Visitor: 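Mind looking over this structure? Questions follow.
Keep in mind that what you see is a predicted model, and the values were worked out from it rather than measured. Note that ligands are numbered from 1 as they come in the structure, with each ligand's atoms numbered from 1 the same way.
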Amino acid sequence: MNEHIDKIKLQLEALRADIELHNYRYYVLDNPTILDAEFDQLFRELQRIEQNYPQLITADSPTQRVGAAPLKAFTQITHRIAMLSLNNAFDDAEVEAFNRRICEGLSIDCVEYAVEPKFDGLAISLCYEGGMLKTGATRGDGNIGEDITVNLKTIKSIPLSLPGKQPPTLLEVRGEVLMLKADFLALNQRQLTKGEKEFANPRNAAAGSLRQLDPAITAHRRLTFFAYGVGRNEDSQMPKDKHSDVMNYLASLHFPIAKECQVVTGLQALLTYYRTIGAKRDQLPYAIDGVVYKVNSLSQQEQLGFVSRAPRFAIAHKFPAQEAITQLLDIDVQVGRTGALTPVARLKPVFVGGVTVTNATLHNADEIERKDVRIGDTVIVRRAGDVIPEVVSVVLDKRPFDARVFTIPDHCPVCGAKAVRLPEEAVSRCTGGLFCPAQRKQAILHFASRRALDIEGLGDKLVDQMVDNAIVHTPADLYKLGITALANLERMADKSANNILQAIEKSKHTTLARFIYALGIRNVGEATAKELATHLGKLDRLIEANSERLQQIPDIGPVVAQSLVDFFAEAHNREVIEQLRACGVHWEEHEGKSVLMLEAAPFSGKTFVLTGTLPTMSREEAKEKIEALGGKVSGSVSKKTDYVVVGTDSGSKYDKAVSLGVRILDEEGLLTLMQ
Ligand code: D41
């Protein structure tokens, strides 16, 4: 009997190690080596055995990442070694002064620094005892934080146990928890469809997710972790020489370390690093608010010591504030594609985070009221990453006596139709529909946009003229345009008129997914349009589907389903679709996929890139086969690519796949995988 149990124990250990290794490859290295479906199978196998032998479940089992019961409150944890704060530098002169203090303190001319990005996340501490994650806590005030172990365990890039046969007796790892920009945008999209509040920025989203008493909620929010140092440790392996060695050691223990970490020497190199990272900032997958410089030698760090709560050996060089103060000159109302009336602040031009800002969104009437914004006020504006600048707050001390209260008009400022606000909505909408020139222009622009029917050269100036001169009322009218009507428009030479006509002609051949997206149905973005096209296969099925049928499709909820039903119930919309088809807009239709088939699809979530000539299949055939199994086919190789299928005469894509370590298949390999 005991022998039998011992065997099961060994089997469980191997299975857990295997699963955690795949987690590490996926979440830390961003380089998975198995299919999601294979991973799920391993995980289910582990769950099955643990169900039969619950006495063998260990705290570091991957099954224990989720499933802890909700807490009533967080308990406090005292940091035995305080978590210090960082001093800030806001310009080059302050960095120069920092470097000078260090040189003088150490009596040397040139210092070696470890430099790293400064994540805009939340500092936490992870305690491993005997190689097992025992506690995880927030930084709190630096001395006392909150025990959020159950929440931190749900973060897949945090190891539950340390690899290796002889783990350290005690190791405290410190770092930042954050949400990647892409995960943040996806979360806000989900919040929006669920009718819940959006988060203002990734940091708030990460904080809100960590503060959940129910770890099941945290588990649903994708959080990420990056280590920046160690606290307490009883670890004979711990490097004693340099901070950069400590970071490499942590990486060897499977902790995520920022790719941008470097070792540099001297003041000039610090400033160069700052500018290089600053230039890349918007392209990085995570939000950062500066860079951190740390004296690399640990003995030099010790020699320098601390001032009150911050080390003398480190400093955060912050990026310029993305906020500025200016005057609000007026409030305009813009009408969007769906008729939403958006108040926009006209500002006295102000320089924010590298660009001049003259307009900022005020979101909606409630926000104006909540922030008590009035025309003439002095306001704080913020620009975050690629998002539209927004008015954050009013400087009340500076309010002029004649500041004017603004009210959202009850009629559309463009077409004069009544504007109404539904009880469950935050915005008022123009009820003019496609009779409102503003909505019509936006609808046509959206129809022609790159990810929709992709009519090159059809920009907002041209659409303004077409609608204002009443030569185009609906997207279908684009296909009835003649050269004379076009050439009569202002600043339109014969040649450019011809180019537009050619682009319109070319757009007639499209895909069902693009066409559905192009219709501009509320709550139906590109991903939803694709989902609808794959599942239904034919436009008429979509037009005829009722809400129940639509909700059988994955990711389609009641809100999206209702938007679709409402859209196709409108006779005018069906009429425009008929005209478009009559004008020759076409796509390939198919039988669609049953919901069941796709859910269990073996390639679901996998991205393929096809390159070169395959021996028996055309690329189009291969694409169809991959998609039929739930996979995606993309045109370019990136880290996100799972497989590159190569034929003869494949060029740069093959090289890129090799350099990124993406799995490479030939046609035969693809066919095997399909079986
Ligand atoms: O990325 C960060 N936010 C970051 C924070 C970093 N890269 N390094 C840090 N190093 C320290 C010291 C030098 C004090 C160990 C930090 C922080 N501290 C820190 N984060 C929050 C408070 C302090």
Side-chain angles (χ1 to χ4, degrees), residues 79-89 95 98 101-102 111-126 136-146 148 152 157-158 171-181 201-204 206-207 210 223-233 238-239 242-251 255-264 270 273-274 277-278 280-281 284-319:
H79 301 297
R80 297 260 296 274
I81 299 178
M83 290 182 78
L84 300 174
S85 56
L86 279 170
N87 284 327
N88 289 322
V95 176
F98 162 77
R101 283 195 302 276
I102 302 242
V111 184
E112 182 178 277
Y113 293 100
V115 295
E116 39 199 71
K118 182 173 184 298
F119 293 110
D120 197 5
L122 298 112
I124 59 139
S125 146
L126 300 167
T138 62
R139 175 174 177 272
D141 64 3
N143 291 313
I144 297 176
E146 283 177 326
I148 52 164
L152 292 174
S157 52
I158 292 182
L171 175 64
E172 181 190 351
V173 175
R174 292 171 173 183
E176 295 263 329
V177 169
L178 52 100
M179 189 178 282
L180 298 183
K181 289 176 190 168
N201 53 51
R203 186 179 194 282
N204 288 1
L210 272 189
L223 295 171
T224 305
F225 172 76
F226 284 99
Y228 68 64
V230 297
R232 286 202 300 153
N233 74 89
M238 181 63 68
K242 292 181 173 191
H243 173 73
S244 51
D245 298 336
V246 172
M247 297 300 275
N248 289 333
Y249 175 63
L250 290 179
F255 288 97
I257 306 296
K259 282 195 196 68
E260 294 77 17
C261 289
Q262 280 180 29
V263 174
V264 304
L270 295 183
Y273 180 73
Y274 175 81
I277 297 290
K280 275 202 270 185
R281 184 181 183 189
L284 291 178
Y286 27 66
I288 60 173
D289 57 352
V291 294
V292 185
Y293 310 136
K294 298 173 183 176
V295 171
N296 200 19
S297 151
L298 297 178
S299 60
Q300 288 178 350
Q301 284 193 1
E302 208 173 331
Q303 213 178 321
L304 289 159
F306 315 92
V307 236
S308 69
R309 319 258 38 238
R312 272 205 198 89
F313 60 77
I315 201 158
H317 191 181
K318 302 285 279 275
F319 292 131

Visitor: Quick one: sort the Tyr286 and Phe226 rings into parallel, tilted or perpendicular, breaks at 30° and 60°.
Guide: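 The rings of Tyr286 and Phe226 stand perpendicular, inter-plane angle above 60°.
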
Visitor: Using 4.0 Å as the upper bound for N to carboxylate O, is an ion pair formed by Glu116 and Lys294?
Guide: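 A salt bridge links Lys294 with Glu116.
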
Visitor: Where the side chain of Asn296 meets the backbone of Ser244, is there a donor-acceptor pair that is under 3.5 Å apart?
Guide: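 Yes, because the side chain of Asn296 sits within donor-acceptor range (under 3.5 Å) of the backbone of Ser244.
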
Visitor: Within this structure, what is the CG-CD1 distance for the pair Asn233 and Ile81, rounded to the nearest 0.5 Å?
Guide: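 With rounding to 0.5 Å, CG (Asn233) is 7.5 Å from CD1 (Ile81).
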
Visitor: Protein residues near ligand 1, heavy-atom distance below 4.0 Å?
Guide: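 Heavy-atom contacts below 4.0 Å: Leu84, Ser85, Leu86, Glu116, Pro117, Lys118, Phe119, Ala123, Arg139, Glu176, Tyr228, Val292, Lys294, Pro311, Ala314.
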
Visitor: When you check the gap from the basic side-chain N to the acidic O, do Glu172 and Arg174 get nearer than 4.0 Å?
Guide: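 Judged by the 4.0 Å cut-off on N to carboxylate O distance, Glu172 and Arg174 do form a salt bridge.
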
Visitor: Indicate yes or no for a side-chain donor-acceptor contact from Arg281 to the backbone of Ile288 under 3.5 Å, with no hydrogens or angles considered.
Guide: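 Looks like yes, one N/O pair under 3.5 Å.
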
